[in-house]
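Encoded as structure tokens, the structure appears first; notes follow it.
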Amino acid sequence: EVQLVESGGRLVQAGGSLRLSCAASGFSFDDYGIGWFRQAPGKEREGVSYISSVAGNTYYADSVKGRFTISSDNAKNTVYLQMTSLRPEDTAVYFCAAAPVYIVARSILLLESAYDYWGQGTQVTVSS
């Protein structure tokens, strides 16, 4: 059974940092890359970042480039999203998802439609 479990979300002040984790099971990072998405109240889900260990690719949305860093620990089947210089507009539910590694285009990997499996989400709230 495929599972993606996010953790690490909490309330943080603007300018602060937070690290989210996505623990994956039921599939291999050789077959799937992991993306992070977020959804703020009343807004559409937005692609934030992506990593493929086997392809060596990482991508970021322009809104988080330079502030967020994605990484993976293949031994733990876990992907992390290190978030720094947080802003109130980063407030959202953050989801991780798995996309087949043969999908390599950044423009596609920042879209929900590229992903087969999703986690339940973790809430990040940034106070001003």
Side-chain angles (χ1 to χ4, degrees):
E1 180 188 5
V2 171
Q3 277 195 318
L4 294 163
V5 180
E6 303 93 337
S7 62
R10 61 176 175 86
L11 173 65
V12 63
Q13 287 191 330
S17 299
L18 205 56
R19 189 179 79 161
L20 304 183
S21 300
C22 172
S25 61
F27 65 92
S28 170
F29 283 178
D30 288 343
D31 299 320
Y32 285 88
I34 301 296
W36 283 98
F37 286 74
R38 65 186 181 186
Q39 188 166 23
K43 293 189 177 181
E44 293 187 354
R45 198 171 295 189
E46 171 193 21
V48 173
S49 186
Y50 169 85
I51 187 167
S52 168
S53 300
V54 66
N57 296 337
T58 57
Y59 299 127
Y60 298 93
D62 290 343
S63 57
V64 306
K65 200 172 295 182
R67 300 189 298 122
F68 291 10
T69 303
I70 193 169
S71 62
S72 68
D73 184 336
N74 289 358
K76 295 183 178 179
N77 287 339
T78 300
V79 169
Y80 303 99
L81 186 68
Q82 180 69 48
M83 306 186 294
T84 63
S85 301
L86 283 163
R87 305 166 181 169
E89 54 264 40
D90 294 318
T91 294
V93 178
Y94 282 71
F95 301 86
C96 64
V101 292
Y102 61 77
I103 301 175
V104 296
R106 175 183 180 274
S107 59
I108 297 175
L109 288 165
L110 292 180
L111 300 175
E112 293 182 68
S113 56
Y115 294 81
D116 293 340
Y117 305 106
W118 290 83
Q120 83 290 346
T122 186
Q123 175 71 49
V124 172
T125 303
V126 183
S127 64
S128 57

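- A single hydrophobic cluster is seen to contain both Tyr94 and Leu4, as judged by linkage of ILVMFWY side chains at heavy-atom distances under 4.5 Å, directly or through other members.
- Residue pairs meeting the disulfide (SG to SG under 2.5 Å) criterion with at least one partner in residues 4-71, sequence neighbours excluded, are Cys22-Cys96.
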What do the steps show when you test Tyr115 against Leu109 for side-chain contact (heavy atoms from CB on, under 4.5 Å), and what is the final call? CA-CA 8 Å; Tyr115 294 81; Leu109 288 165; 4.0 Å; yes

Output, in order, the C-alpha distance, side-chain angles, deciding distance and verdict of side-chain contact (heavy atoms from CB on, under 4.5 Å) for Val124 and Met83. CA-CA 10 Å; Val124 172; Met83 306 186 294; 4.0 Å; yes

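- Once rounded to the nearest 0.5 Å, the distance linking CG of Leu110 with OG of Ser49 reads 8.0 Å.
- Under the 3.5 Å distance criterion, the side-chain polar atoms of Glu6 are matched with a main-chain donor or acceptor of Gln120.
- Of all non-hydrogen atoms in Val12 and Ser17, the two that sit nearest each other are CG2-O, 4.0 Å.
- Scored by the side-chain hydrogen bond (donor to acceptor under 3.5 Å, both in side chains) test, Lys65 finds Asp62 as partners (sequence neighbours excluded).
- For Ser52 (side chain) and Gly33 (main-chain N/O), no donor-acceptor pair under 3.5 Å exists by modelled atom type.
- Here Lys43 contributes atom NZ and Thr91 contributes atom OG1; the two are 10.0 Å apart, rounded to the nearest 0.5 Å.
- Here the CG atom belonging to Leu18 is positioned 12.5 Å from the CD atom belonging to Gln13, to the nearest 0.5 angstrom.
- Counting only distance, with no hydrogens or angles, the side chain of Ser85 and the backbone of Gly15 share no donor-acceptor pair below 3.5 Å.
- If you take CG on Leu86 and OG on Ser128, they are separated by 13.0 Å, rounding to the nearest 0.5 Å.
- Using modelled atom types, one side-chain atom of Arg106 and one backbone atom of Tyr60 make a donor-acceptor pair closer than 3.5 Å.
- With 3.5 Å as the limit, one finds no donor-acceptor pair spanning the side chains of Gln82 and Thr84.
- Closest heavy-atom contact between Pro100 and Asp116: CG-OD2, 3.5 Å.
- Both Val79 and Tyr32 belong to a common hydrophobic cluster when Ile, Leu, Val, Met, Phe, Trp and Tyr are linked at side-chain heavy-atom distances under 4.5 angstrom.
- The heavy-atom pair separating Ser53 from Asn74 by the smallest distance is OG-OD1, 3.0 Å.
- Pairing each heavy atom of Leu111 with each of Ser107, the nearest pair is CG-O, 3.4 Å.
- Under the 4.5 Å side-chain heavy-atom criterion for grouping Ile, Leu, Val, Met, Phe, Trp and Tyr, Ile70 is not connected to Phe37 through any hydrophobic cluster.
- The cationic atom of Arg19 (NZ for Lys, CZ for Arg) lies less than 6.0 Å from the six-membered ring centre of Tyr80 and within 45° of the ring axis.
- No continuous path of ILVMFWY side-chain contacts below 4.5 Å connects Val126 to Leu11, so the two sit in separate hydrophobic clusters.
- Checked against a 6.0 Å centroid threshold, the rings of Phe68 and Trp36 do not count as neighbours.
- The OG atom of Ser63 sits 8.0 Å away from the CZ atom of Arg87 when rounded to the nearest 0.5 Å.
- The structure places CD1 of Ile51 at 10.0 Å from CG of Leu81, a figure rounded to the nearest 0.5 Å.
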Using the rule given for side-chain contact (heavy atoms from CB on, under 4.5 Å), can you reason through Phe29 versus Ile34, listing the C-alpha separation, both sets of side-chain angles and the distance that settles it, and then say yes or no? CA-CA 8 Å; Phe29 283 178; Ile34 301 296; 4.0 Å; yes

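- Between Tyr59 and Tyr50, the ring planes lie parallel to each other; the angle is under 30°, not in the 30° to 60° tilted range.
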